[in-house]
Amino acid sequence: MQRRVIFDNKLLPYLLLAPQVAVTLIFFIWPASQAVWQSVHIQDAFGLRSEFVWFENFTAILSDPNYVGTLRITAVFSLSVAVLSMAVALLLAALADAKIKGAAVYKTLLIWPYALAPAVAAVLWMFIFNPEIGSLGRLLNAMGYNWDYRLNGDQALTMVILAASWKQVSYNFIFFLAGLQAIPRSVLEAANIDGAGPVRRFWTITFPLLSPTTFFLLVVDMVYAFCETFGTIHALTHGGPGKATETLIFRVYQDGVVNNDLGASSAQSVLLMVILIVLTTIQFRFVERKVHYS
Amino acid sequence: MATVEIKNVRKSYGPVEAIKGIDIAIQDGEFLVLLGPSGCGKSTLLRMVAGLESITGGQVVIGGRVVNDLEPKDRDIAMVFQNYALYPHMSVFDNMAYGLKIRGVDKAEIESRVAKAAEILELGRFLTRRPSQLSGGQRQRVAMGRAIVREPAAFLFDEPLSNLDAKLRTQMRIEIKRLQDRLGITSLYVTHDQVEAMTLADRVLVMNHGVAEQIGTPLEVYQRPASLFVAGFIGSPPMNVLDAVIDPSGQGVMMPGGALLPLARPRPNDANRPVKLGIRPEHLAINEDGLDTSPVLVELVEALGADTVVYGRLPDGEPLLIRMSGLPSCTEGDRLAVAPQPGALHLFDTATGRRLED
Ligand SMILES: Nc1ncnc2c1ncn2[C@@H]1O[C@H](COP(=O)(O)OP(=O)(O)OP(=O)(O)O)[C@@H](O)[C@H]1O
Ligand SMILES: [Mg+2]
């Protein structure tokens with residue numbers, strides 16, 4: 001039963017909404033419309049005049065072969081980050097759920113990465129992966145493996161995927177743990193009595209019952225990988241070597257801030273927005289159907 | 001189908017001993033009810049038989065096989081939980097078929113077994129529904145169906161009816177009884193409801209604080225309670241318990257007020273021994289002769305229709321419950337001469353609370 005709250009004062013609801021609306025207007029609607037406006041203009045080099053050019057910026061980007069490469073890298077990067085961070089988080093959450101002794105400490109430790117600024121996290125990863133000073137980097141080279149993410153594009157991509165996933169594991173872990181603890185113990189016991197071993201119980205009972213959580217995290221993690229990993233990539237590889245770790249969001253920054261091509265950069269942010277909207281819609285339309293909400 | 005033996009089974013949670021050594025052999029096809037107050041360890045004992053709880057000491061033997069170290073899935077038992085524990089993401093059909101699929105039963109066989117169970121339980125119309133689309137009683141029946149399609153060696157029930165309303169509970173109770181008669185599968189049934197115990201059980205195990213106070217048929221437990229605890233727990237309203245003394249000749253027992261009640265069997269060896277005297281409210285009757293009885297002051301009369309409960313007080317201030325059939329024949333303030341029916345006296349040791357056998 002839902003109860004409707006009745007306000008006597010006609011103004012109060014609007015007042016209560018105002019801060020949220022203001023924040024949305026100032027920090028989302030306004031810059032987003034600016035991006036849309038700029039994406040159909042070309043500015044001169046000094047930013048003094050701008051000229052309306054219809055979709056010229058868009059056609060230029062879409063016909064740029066590099067852009068297709070960026071799309072591919074973004075897809076690999078985002079999917080890997082989402083899958084890796086969710087898989088690791090689910091594994092850790094299942095362990096924490098199974099043996100809850102000392103869980104407070106365990107959980108706190110797992111949440112720390114989330115509280116870390118991307119730049120700081122990147123420095124930590126550097127201490128691990130740097131071929132000269134990083135512990136693992138030196139070890140790999142000592143073992144005869146030619147490790148240098150500053151020269152090898154695949155290695156660089158692997159490293160940023162690891163770093164970006166690592167930061168998101170905390171977040172996923174909290175949600176997965178809450179989801180696991182919401183599954184009634186007796187349902188799992190019933191499955192055990194019905195003859196299902198631990199692995200089968202996980203895949204036929206636990207995993208389907210977690211699907212609302214998994215779906216939610218898939219959406220959140222994709223958005224994270226698309227938009228919020230800029231700091232990590234910037235600090236670790238600067239999109240390099242070459243363009244090996246240049247994702248869409250990094251290229252937006254590269255073209256806009258570094259190359260000062262605001263039109264191209266804005267057109268890309270608009271494209272990025274569209275891609276995210278399409279992706280999220282697809283997820284809601286098709287993946288959510290398989291989700292069981294109790 | 002199989003026997004289930006519980007041999008000196010114990011359970012400790014750290015320093016707390018929840019089950020303090022219980023022994024019982026359940027016959028093939030027998031319906032055993034574990035009855036006791038909340039927290040006495042009924043669920044713990046049942047879950048040890050199921051394998052959901054580790055066994056601290058003793059042995060559980062199902063069908064001649066010691067199962068202490070077997071996983072629940074390898075014990076060939078089925079369990080019905082209080083909250084049903086259905087798989088919420090599966091249809092009613094899949095809920096019932098789950099255990100069979102895992103055990104590799106072939107598809108046609110699964111379908112016929114589920115169909116048969118659905119017919120017995122009148123679930124045919126609901127097979128494609130999810131549990132969330134069923135009423136409590138229907139969910140309960142699905143849980144039963146999930147247990148019976150497996151054709152296990154034993155059924156375990158943990159208060160399966162306690163989430164249902166009174167009417168449905170009665171109905172399901174009868175259904176369970178019918179099902180058990182029909183299938184003849186060895187069953188262990190946990191409840192704290194004595195009506196369920198009395199109506200369902202072949203034998204009842206009355207538990208208190210992790211020990212078996214008495215094991216017996218429902219009638220034995222009612223007619224010859226082995227301890228004060230059982231005497232007070234079985235029967236409603238509960239048995240009256242009075243402090244009394246065996247008279248010097250051993251022929252009768254003296255009430256606190258001085259009245260002498262004759263014993264069915266004299267106890268000359270217990271002359272002058274203080275005892276606890278138990279008399280069921282329904283075994284007290286208004287004494288027409290008015291001899292050798294204490295006048296009871298009537299304090300409250302509850303007319304229940306079919307019978308009447310009188311809350312009385314003996315001359316020395318002890319409360320006394322009397323249950324009479326039919327409508328009340330007395331009112332508050334009356335003094336009644338009451339006497340127990342012959343052979344309706346229960347004597348218990350004052351120190352141990354155990355029954356003094358005749
Ligand atoms: N995990 C546990 N840790 C410590 N003590 C426990 C645990 N589980 C049960 N107990 C204790 O064991 C005793 C028996 O519990 P059990 O659940 O078997 O009672 P019950 O007879 O089923 O009661 P109810 O009718 O309320 O279900 C209780 O005193 C309980 O506090
Ligand atoms: Mg219980």
Side-chain angles (χ1 to χ4, degrees), chain A residues 1-2 86 90 93-95 97-104 175-218 283-284 286-294, chain B residues 43 46-47 49-53 62 67 70-91 94-105 110 130-133 139 142-160 163:
Chain A
M1 277 279 260
Q2 285 208 339
M86 279 165 64
L90 182 54
L95 294 177
D97 185 47
K99 197 151 183 74
I100 211 75
K101 255 186 215 160
F175 278 87
F176 273 133
L177 186 62
L180 284 173
Q181 289 180 344
I183 297 177
R185 202 125 298 226
S186 61
V187 171
L188 293 168
E189 290 175 346
N192 191 348
I193 287 175
D194 258 347
V199 175
R200 197 195 291 257
R201 281 204 295 279
F202 182 83
W203 288 113
T204 57
I205 310 285
T206 309
F207 194 69
L209 291 182
L210 270 182
S211 60
T213 308
T214 312
F215 173 68
F216 165 78
L217 289 177
L218 180 67
Q283 285 172 336
F284 271 97
F286 300 102
V287 184
E288 199 186 21
R289 271 200 212 144
K290 301 207 187 314
V291 170
H292 167 81
Y293 293 102
S294 48
Chain B
S43 299
L46 190 79
R47 291 168 59 83
V49 175
L52 299 172
E53 208 78 63
I62 299 176
V67 296
L70 293 185
E71 281 283 303
K73 67 189 177 72
D74 301 321
R75 295 191 180 193
D76 195 18
I77 39 120
M79 182 156 166
V80 178
F81 293 80
Q82 178 174 352
N83 62 0
Y84 320 132
L86 299 176
Y87 311 125
H89 57 298
M90 295 183 198
S91 68
D94 287 336
N95 261 280
M96 294 202 261
Y98 184 77
L100 298 176
K101 279 185 194 154
I102 288 175
R103 286 179 160 77
V105 177
I110 291 179
R130 293 274 172 88
S132 58
Q133 298 165 315
R139 284 180 211 183
V142 176
M144 305 265 300
R146 185 170 65 180
I148 64 180
V149 292
R150 290 251 321 276
E151 298 173 4
F155 281 149
L156 309 177
F157 300 87
D158 193 355
E159 311 215 20
N163 281 1

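Nothing here was measured: the structure is a model prediction, and the numbers come from that model. Chain naming here is simple, since letters A, B, ... match the order of the sequence lines and numbering starts at 1 in each.
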Task: Part of B:Arg75 within contact of chain A (heavy atom distance under 4.5 Å) - done: neither

Open item on the list: Quick check: do A:Thr204 and B:Tyr98 have side-chain heavy atoms less than 4.5 Å from each other?
Closed with: yes

Open item on the list: Does any backbone or side-chain atom of B:Leu86 lie under 4.5 Å from a heavy atom of chain A? Answer side chain, backbone, both or neither.
Closed with: backbone

- [ ] For each of B:Lys101, B:Gln82, B:Arg146, B:Met79, tally heavy-atom pairs with chain A at distances under 4.5 Å, and name the one with the top tally.
- [x] B:Arg146

Open item on the list: Using 0.5 Å steps for rounding, measure from the CD atom of A:Glu189 to the CG atom of B:Asp158.
Closed with: 10.0 Å

Task: All side chain to side chain contact (heavy atoms under 4.5 Å, CB included) counterparts of B:Ser91, not counting sequence neighbours - done: B:Phe93, B:Asp94

Task: Salt bridge A:Asp194-B:Lys73, side-chain N to carboxylate O under 4.0 Å - done: no

Open item on the list: Quick check: closest heavy atoms across B:Ala85 and A:Ala190, and the distance to 0.1 Å?
Closed with: O-CB, 3.8 Å

Task: Exercise: identify the closest heavy-atom pair between A:Leu209 and B:His89 - done: CD2-ND1, 3.4 Å

- [ ] Could you tell me which non-hydrogen atom of B:Ile102 sits nearest to which non-hydrogen atom of A:Gly195, and how far apart they are?
- [x] CG2-O, 3.3 Å

Open item on the list: Would A:Ile193 and B:Phe81 count as a side chain to side chain contact (heavy atoms under 4.5 Å, CB included) here? Give the steps.
Closed with: CA-CA 11 Å; A:Ile193 287 175; B:Phe81 293 80; 4.2 Å; yes

TODO: Take atom CZ of A:Arg185 as the centre, draw a 6.0 Å sphere, and report whether it contains more than 12 heavy atoms from other residues, nucleotides or ligands.
DONE: no

